[in-house]
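Every value quoted in this text rests on a predicted model; they were computed, and no experiment measured them.
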Amino acid sequence: SPRCEDLQVQEKSILRNFWLLLIVTAILSSSLSFLIDRFTWAAGLLRHTLTLGAPLKAIGFNVGLACLARIIVRPTMEAEGSGFPEMKAMLFGKVLFNYLTFRVLISKALALSLGVGAGLPLGKEGPNVHLAACIARVIRPSFFEKRVQSSHGAHGAGGSGVGSAVSKLLLAACSVGVGASFSAPIGGVIFALELMLPQTYDAFAYWGCFTAAVVGAITYAVERTLTSGSVRLLPLISSNVLPGEGVDTDYPVMRLAIDIVLGMLCGLAGGTWVRCHSYTAGVLKRWRLREAPLPARVAAAGNQEPLLGEADRPRGCCACLWRCFVRLLGGKWRDLFLVATVVTLNTVLASSLPLLGGKPQPLLISTIFDKTLLFSENDAWVLPWAGVAGTMTLCFLMKWTMTILALSSAIPAGVVAPTMIIGGLLGRVFGHVLLPEWFVSMMLTKDGQPPTEDQKGAFFARCAIVGASAFCAAVTRAFAMAITVFEVLALPNSVLPLCSSALAAIFVANKVSLPFFDANLATRNLGGIPAITFTDKAIEPVMKVMHVVDLSECLPQIVTLRHLLHVVSNSQHDFFPIVRPLDWDTSNQGLLEGTMTRRQVELLLKKLDPHAATPDREIDLMNPEFQAPPDGSEPLVEGSPVRVSPDCTVKDVYLLMKVAESDGVVYVTDRGILQGTITLSTLMSREI
């Protein structure tokens, strides 16, 4: 029929626009990531030189960059933080397209470059994901607007239409953001699909993610090769450990057990780190937002004299200079003071620990993963009074603390690379402090031959690699971290150690805290997302969380216009079930027949009684003309509402909403009798 042909043509047009937009977004976002890397690498080398040679200049340089980053994002709150939690919220059905504007794109890119360039332990993986989504919407804003107009936003990536195409595009943005950052397209795809579960996917979503990740990684590699001086731009993860080094042993089971124990330690540390960050970020945010803007305070005070017992405003030259300074800062100073303090502390501590020394993150990771770290230039980075083990422990504690503070400073920040550094240092501490030297020598014995110094160095480097993967997996709860590290380093003998340690870390971390991104959502009235994803509340029966419906909140099938208006006017709900009361039952129950939205009720009243002349007119809401108007206009009644049984799980209800696009409401019925309702907003805002 012509209608079928029109629908097919429309769907082909949507897919064609989707693939074109996806490829352009992948190219542009990876190019932007490359530009950010070039800037931060150059700034990092300059900072490293200043940190070791002139620490006061380094402090001034870093504070200037970081404060400028905060000033840039101050007017654009949406540019703060990672951006990954917002992407997850959008894929779960929360419409947050104010986070995908050109202003957010520019602010976040500039502030991210300055923040990382200032030497703060910030990653760029989460911001890259956010920037990729911003680029897609800036290129084709109408594509996203149609999604909002089509339904409530809870579109799965396994369906058809504009809404599903946008969900696929957001997933692809996650893939290219991570894949381009690590030059690991496989890890990027798995990271995107894994952290956004539970979702509905199809082949187009799967291949869209792979296409975006591969195109982004190729673009980044080509630009890195063609750009002058690109040899100095290290990949984010690199190591000089060769295949077979540090793993050949007469005790393979014991060697694998060591990796699993390290994974469990990283899981405990990772869960604890997430809890420490959540607490610290909350305290600093409350302190930072405590002040009122200066114009508001001045307007409130006016020119009135202070009341009896009320302290007058400080007077004098110093107070006047302070007020002028604060006014110059836009009436706020606490956020800049916080950023400046964190940067100063980070610079001072980095200058006192030569192993860190203000190095750019790729160079620092390469140093931690270096098998010759203990035997070449040992005196250059080891503190004489602390020794190797003490120096490693101090570096670990410094990065642990400063990463928490940096991620709480309200500037664009990712968490993957910084937590890999923490995990790498934890792996080094595990190998140097917790494992006796005689035990390491025994474990690395092969065919009765004692290990060489190179083999010992490779073993400690492998501990750092496993620790980096496991700790990052524990923080993000993403097994993709093990795959990403293996994909980049390509060490054949590291598959089992990386996988087993990552699984152990995730298992232990789940007992300690929520994942990093979900802990962020839980503090923003979106606790339902981590509840569905990572807690046992996902398997609770829906009758435990549903809104129990009373007949007074429903629309009878046979109703007067007066009663219809009364129910709508006295209810705060946006959905109204149509029920047929049970004549033989006095328990205030009814059979579910259909449903109407508030907008549909208003249209029906306007159509049948525009002048309110016949309020007592009686109508049958299940009249076929209301469900399928003869003139082809918008239906006023939905005669087949989405319904589930009371024992259906919460997770299944959410997935049903994604597949059925049920306008955000599902009715709970028992043998057709209405029991309650559950909405998408209810699921998203549940407290954990």
Side-chain angles (χ1 to χ4, degrees), residues 151-152 154 540-610 612 614-629 633-648 650 652-654 656-657 660-686:
S151 170
H152 62 90
E540 289 180 348
V542 70
M543 60 182 174
K544 188 174 181 179
V545 300
M546 71 180 183
H547 168 69
V548 179
V549 175
D550 188 86
L551 277 186
S552 61
E553 302 173 323
C554 304
L555 301 176
Q557 179 179 342
I558 308 298
V559 64
T560 64
L561 298 182
R562 184 191 303 276
H563 184 67
L564 189 63
L565 179 62
H566 173 76
V567 172
V568 174
S569 302
N570 290 276
S571 174
Q572 301 296 324
H573 301 299
D574 293 324
F575 307 95
F576 302 95
I578 301 173
V579 299
R580 180 154 50 109
L582 302 178
D583 297 335
W584 62 88
D585 195 332
T586 59
S587 60
N588 200 26
Q589 292 182 323
L591 292 173
L592 178 65
E593 298 288 338
T595 182
M596 297 180 72
T597 65
R598 180 177 292 274
R599 180 174 177 275
Q600 288 173 331
V601 173
E602 293 171 351
L603 290 176
L604 181 61
L605 289 171
K606 184 177 180 180
K607 177 180 180 180
L608 298 182
D609 193 13
T614 57
D616 295 322
R617 176 182 174 183
E618 196 172 74
I619 60 172
D620 183 355
L621 292 177
M622 299 309 295
N623 188 328
E625 293 186 359
F626 296 154
Q627 301 181 46
S633 60
E634 176 185 350
L636 300 177
V637 173
E638 172 59 54
S640 302
V642 179
R643 63 183 76 192
V644 296
S645 61
D647 58 351
C648 185
V650 171
D652 289 340
V653 171
Y654 165 74
L656 179 62
M657 288 182 177
E661 299 186 5
S662 59
D663 282 333
V665 63
V666 169
Y667 293 101
V668 183
T669 61
D670 184 14
R671 295 177 301 169
I673 300 175
L674 180 63
Q675 305 291 320
T677 63
I678 184 74
T679 63
L680 181 67
S681 59
T682 301
L683 289 181
M684 294 298 98
S685 60
R686 291 182 65 204

Rounded to the nearest 0.5 Å, the CD atom of E625 sits from the OG atom of S633 at a distance of 10.5 Å

Only counting residues at least two apart or in another chain, list the ones meeting side chain to side chain contact (heavy atoms under 4.5 Å, CB included) with R617.
-> L561, L608, T614, I619

Heavy atoms only: give me the nearest L674-G676 pair and the separation to one decimal.
-> CD1-O, 3.7 Å

In chain order, what residues pass the side chain to side chain contact (heavy atoms under 4.5 Å, CB included) check against L555, with sequence neighbours excluded?
-> L564, V567, F576, I578, M596, V601, L621

Under 3.5 Å, is there a donor-acceptor pair between the side chain of R598 and the main chain of V568?
-> yes

D652 side chain reached by V644 side chain, heavy atoms, under 4.5 Å = no

Closest non-hydrogen atom pair, G590 against L551 = N-CD2, 4.2 Å

Any donor and acceptor pair, going by atom type alone, linking the side chain of N623 with main-chain N or O of F626 inside 3.5 Å?
-> no

Partners passing ring pair (Phe, Tyr, Trp, His ring centres under 6.0 Å) against H547 (at least two apart in sequence or in another chain) = H573

Can you tell me which residue pairs pass the side chain to side chain donor-acceptor pair (under 3.5 Å) test with a partner in residues 668-678, sequence neighbours excluded?
-> none

Closest heavy-atom pair and its distance - C554, V579 = CB-CG2, 3.8 Å

Which pair of non-hydrogen atoms, one from Q557 and one from D620, has the smallest distance, and what is that distance?
-> CG-OD1, 3.2 Å

State whether E602 and K607 are salt-bridged, where the test is any N-O pair (Lys NZ or Arg NE/NH1/NH2 against Asp/Glu carboxylate O) under 4.0 Å.
-> no

Heavy atoms of E593 and P641 approach each other most closely as O-CD, 4.2 Å

So the salt bridge (Lys or Arg N to Asp or Glu O under 4.0 Å) pairs with at least one residue in residues 559-573 (sequence neighbours excluded) are R562-D616

Which heavy atom in Q627 sits nearest to a heavy atom in G639, and how many Å separate them?
-> OE1-CA, 3.3 Å

R599 and E634: side chain to side chain contact (heavy atoms under 4.5 Å, CB included), yes or no, with the steps?
-> CA-CA 11 Å; R599 180 174 177 275; E634 176 185 350; 2.7 Å; yes

Can you tell me if Q600 uses its side chain to pair, donor with acceptor, with the backbone of T597 under 3.5 Å?
-> yes

Kindly determine whether V665 and Y667 satisfy side chain to side chain contact (heavy atoms under 4.5 Å, CB included), including the steps that lead there.
-> CA-CA 7 Å; V665 63; Y667 293 101; 4.3 Å; yes

Kindly indicate, with the supporting measurements, whether the criterion side chain to side chain contact (heavy atoms under 4.5 Å, CB included) is fulfilled by D647 and M543.
-> CA-CA 7 Å; D647 58 351; M543 60 182 174; 5.6 Å; no

Indicate yes or no for a side-chain donor-acceptor contact from D609 to the backbone of L605 under 3.5 Å, with no hydrogens or angles considered.
-> no

Side chain to side chain contact (heavy atoms under 4.5 Å, CB included) partners of E638, counting only residues at least two apart = T595, S640

Just one of T682, T679, V668 clears the side-chain contact (heavy atoms from CB on, under 4.5 Å) bar with M546, so which one?
-> V668

Dump the intermediate steps for side chain to side chain contact (heavy atoms under 4.5 Å, CB included) on R580 and L592, then the final yes or no.
-> CA-CA 7 Å; R580 180 154 50 109; L592 178 65; over 6 Å; no

